[in-house]
Amino acid sequence: MARHLITSALPYINGIKHLGNMVGSMLPADVYSRYLRQRGHDVLYICATDEHGTPAELAAKELGLPVDEFCAQAHDAQKAVYDGFALAFDYFGRSSSEQNVEITQHFARKLKENGFIEERAIRQVYSPADGRFLPDRYVEGTCPHCGYDKARGDQCENCTRVLDPTDLIEPRSAISGSTDLEVRETKHLFLLQSKLQHEVEAWVAAHEHQWPQLASSIARKWLTEGLHDRAITRDLDWGVPVPADTWPELAAEGKVFYVWFDAPIEYIGATKEWSDQDPENRDWKSWWFDVDTDVRYTEFMAKDNVPFHTVMFPATELGVREPWKKVDVVKAFNWLTYYGGKFSTSQKRGVFTDQALEVLPADYWRYFLIANAPESDDSSFTWEHFTATVNKDLADTLGNFVNRVLSFSRKRFGDEVPAGAAAGEAEAKLGEEIARLLAEYEEHMEALQFRKAAAALRALWSAGNSYLEEKAPWLEIKTDQEAAALTLRTAMNLIHLYAVVSEPFIPTSSAAMRGAFALENDTATWVTPEQARSLTSIPAGTPFTVPPVLFAKLTEDDLEAYKERFGGEAS
């Protein structure tokens, strides 16, 4: 089997992420990683916090912390939330690591050696009061288009217009607040992407057939418009330093690499972090260097990150002229909105991941988000939709099935799986339906079609309810105990099957379902078609318990409380 390397977009360090960030990268990557592991594949799922750039410095300044201390605390806070969501990273690193510094500087030296980096003089805003050049985001002022008085020098968050610092009305330093600003000349390093245009086009053409249309169309748009040479250094105190052995003058001035140059390299850096923890048994280069035919690399990200990973980073890797692994599949997502409006970290609009876990356990969120993933278009989060989905799919279809089967069987037959009659026509029909739906589920998971996979999983749960309603063991028990026992034994086997195949979506609930049965050697990682048809994994006589309610049904009072706390509209 192929080895699977999986990465998700690196969450930025300045604050806990909202549900849109979760469903646009990390959660589907986790679902896919879990599925592949269950199917017997060798999987490495890598992620990290993206820690460099202006926002990190500004967030640290606002809290009165050194930037390295702020990033260390923020990394731990984010990791705690992701643990709460049961994201099973193989490693969750940091872009400020020594490993990323080493590899980023190696890439830069090789790009210069191959003629793809050059120094250029540019004019940039300088603050005498701060004694430094100001990156775009360190300049604030009034947007000339909408009048928003907290617009940044790169973009107005209010109207979303792209800006230049010199566009701002009454610009000021975000550090000191000084309005005494000048425009001076300074030197920066530029990545000569224009020289790599044709190579990137050829690479995209060879790979885009494996990508969803969203990813390929964004890449094609950038290539059609032409790749422009891009500044890859900034005047910041926090970042990967420009190496003094290659650019002594710029290093003496304290230049660091632009966050969008070093952040994609952190996928490699984080893998080396993982490897360095156990170098005797882990080899990071076996995943990244000269492995194109051995490793299948899948990236998960929202659409705003797609250009960097389908065009810019591949250009970097191509320019290095070394056999670094390039992405095979880019699974891109549209936006999840909050009542049709944007989630906003800075404006605290929408539901954030730490708040979500305060409201309900992770499996509620995992299932809802994947079942409504913004794959073909943007999708909207509303509390009404969330409540209806939880109640219908989780509480009624799955949770109620598990509870009533186990509770009724314990009441009538005791604490062991009953034997009952031999399987009959109804059980054969059910087995064929389960095998068909399982194959459909597998097909959608393999194709990274998460909404369709969720629908197939839901159909598997519904098939058990249909069987139970058809057989009606609460009526069978009155006239034929053996028939009722058969029905309950079959239903218990369905519960175990659901526990196995639902694990990528709802791992905690799956563990609870699986743990209900005291099997001595329950090592099943997946369900074969034969097992799905026979439904005999849980033999008669197996002890079982009734787990706590898997999913509580949400009430109108719950709905109103959520809307009161978080707002029932986007703004």
Side-chain angles (χ1 to χ4, degrees), residues 7 9-10 50 52-54 95 100 103-124 135-137 154-155 162 164 186-208 211 214-236 239-240 242-243 246-247 250 255-269 288 297 299 301-328 330 332:
T7 63
L10 307 185
D50 181 3
H52 295 139
T54 311
S95 68
N100 194 41
I103 298 171
T104 297
Q105 291 180 340
H106 170 80
F107 268 51
R109 291 187 187 99
K110 284 295 181 181
L111 287 164
K112 179 181 186 297
E113 181 183 311
N114 296 327
F116 296 117
I117 286 182
E118 70 178 25
E119 291 184 38
R120 290 182 183 177
I122 64 170
R123 294 178 64 77
Q124 189 173 338
D136 295 351
R137 285 198 172 200
D154 60 343
Q155 187 176 31
V162 175
D164 186 273
T186 185
K187 287 184 178 179
H188 280 285
L189 297 180
F190 278 71
L191 177 62
L192 307 184
Q193 293 185 135
S194 59
K195 295 175 67 174
L196 291 159
Q197 166 98 25
H198 296 307
E199 291 182 53
V200 176
E201 285 179 331
W203 178 81
V204 169
H207 291 81
E208 63 181 334
W211 305 349
L214 177 63
S216 60
S217 62
I218 291 173
R220 281 290 167 194
K221 180 176 184 294
W222 274 57
L223 289 169
T224 299
E225 293 174 355
L227 297 188
H228 303 288
D229 300 339
R230 189 179 183 94
I232 58 168
T233 51
R234 291 292 188 271
D235 294 281
L236 293 171
V240 175
V242 170
T246 310
W247 293 281
L250 297 188
K255 307 285 187 185
V256 301
F257 286 107
Y258 179 36
V259 63
W260 266 112
F261 183 74
D262 81 85
I265 297 172
E266 167 58 8
Y267 294 131
I268 306 172
W288 281 104
Y297 177 19
E299 287 184 342
M301 67 195 63
K303 58 187 175 184
D304 56 330
N305 285 326
V306 168
F308 300 98
H309 295 278
T310 60
V311 176
M312 289 178 58
F313 187 48
T316 298
E317 289 186 293
L318 288 164
V320 170
R321 298 295 192 242
E322 293 177 336
W324 294 98
K325 176 64 183 174
K326 301 171 190 65
V327 67
D328 294 299
V330 178

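These numbers come from the heavy atoms of this one structure, side chains and all, not from hydrogens, waters or symmetry mates.
Put simply, the side chain of Leu189 reaches to within 4.5 Å of the side chain of Glu119, judged on heavy atoms. Side-chain contact between Val256 and Thr233: absent, with no pair of heavy atoms (C-beta onward) separated by less than 4.5 Å. Residues Pro243 and Arg109 have side chains in contact (heavy-atom distance under 4.5 Å, counting atoms from C-beta outward). When side chains are defined from C-beta on, Arg321 counts as touching Phe116, because their heavy atoms get closer than 4.5 Å.
In terms of heavy-atom proximity, Ala315 sits nearest to Leu196 at O-CD1, 3.3 Å. Nearest heavy atoms, Trp211 versus Ala219: CZ3-CB, 4.1 Å. Residues Ala215 and Val306 come closest through the heavy atom pair O-CG1, 3.8 Å. Scanning all heavy atoms of the two residues, the minimum distance from Pro135 to Thr54 falls at CB-OG1, 3.8 Å.
Note: Lys187 NZ to Ile122 CD1 = 12.5 Å, rounded to the nearest 0.5 Å. The OG atom of Ser217 lies 13.5 Å from the CH2 atom of Trp222; values are rounded to the nearest 0.5 Å. Between the CD1 atom in Ile117 and the NZ atom in Lys195 there is a gap of 11.0 Å [rounded to 0.5 Å]. Lys326 NZ to Phe313 CZ: the interatomic distance, rounded to the nearest 0.5 Å, is 9.0 Å. To the nearest 0.5 angstrom, His228 atom NE2 is 13.5 Å from Leu191 atom CG. Atom OG1 of residue Thr7 and atom CD of residue Glu266 lie 11.0 Å apart, to the nearest 0.5 angstrom.
Every ring-ring contact (aromatic ring centres under 6.0 Å, His included) that Phe261 has, sequence neighbours left out, goes to Phe257. Scored by the side chain to side chain contact (heavy atoms under 4.5 Å, CB included) test, Lys303 finds Leu214, Ile218, Asn334, Trp335, Asp378 as partners (sequence neighbours excluded). The ring-ring contact (aromatic ring centres under 6.0 Å, His included) check on Tyr297 picks up Trp288, with sequence neighbours excluded. Checked against ring-ring contact (aromatic ring centres under 6.0 Å, His included), His188 has no partners two or more places apart in sequence or in another chain. A search for side chain to side chain donor-acceptor pair (under 3.5 Å) contacts involving Asp262 returns His52, Asn100, not counting sequence neighbours.
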Point to revise | Candidate pair Trp247 and Lys112, rule side chain to side chain contact (heavy atoms under 4.5 Å, CB included), full reasoning | key: CA-CA 10 Å; Trp247 293 281; Lys112 179 181 186 297; 3.2 Å; yes
message: Under the criterion side chain to side chain contact (heavy atoms under 4.5 Å, CB included), I'd like the reasoning laid out for Ile268 against Ile103: C-alpha separation, chi angles, the key distance, then a yes or no.
response: CA-CA 8 Å; Ile268 306 172; Ile103 298 171; 3.8 Å; yes
Practice item. Under the side chain to side chain contact (heavy atoms under 4.5 Å, CB included) rule, what do Arg234 and Arg137 come out as? Steps first, then yes or no, please. Key: CA-CA 11 Å; Arg234 291 292 188 271; Arg137 285 198 172 200; over 6 Å; no
Between Phe308 and Met301, does the side chain to side chain contact (heavy atoms under 4.5 Å, CB included) criterion hold? Intermediate values first, please. CA-CA 10 Å; Phe308 300 98; Met301 67 195 63; over 6 Å; no
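A side-chain donor-acceptor contact under 3.5 Å links Thr316 to the backbone of Met312. The backbone N or O of Gly319 lies less than 3.5 Å from a partner atom in the side chain of Asn114, making a donor-acceptor pair. Listed for the Asp154 side chain is no donor-acceptor partner under 3.5 Å among the backbone atoms of Asp136.
You'll find the ring centres of His207 and Trp203 inside the 6.0 Å limit.
Legend: salt bridge (charged side-chain N to carboxylate O under 4.0 Å, His left out) pairs involving residues 218-233, not counting sequence neighbours, sorted by first then second residue: Arg120-Asp229, Glu208-Arg220, Lys221-Glu225.
The aromatic rings of Trp260 and His309 stand perpendicular to each other, their planes meeting at an angle above 60°, with 30° marking the opposite boundary.
Checking Gln197 against Gln193 by side-chain atom types alone, no donor-acceptor pair falls below 3.5 Å.
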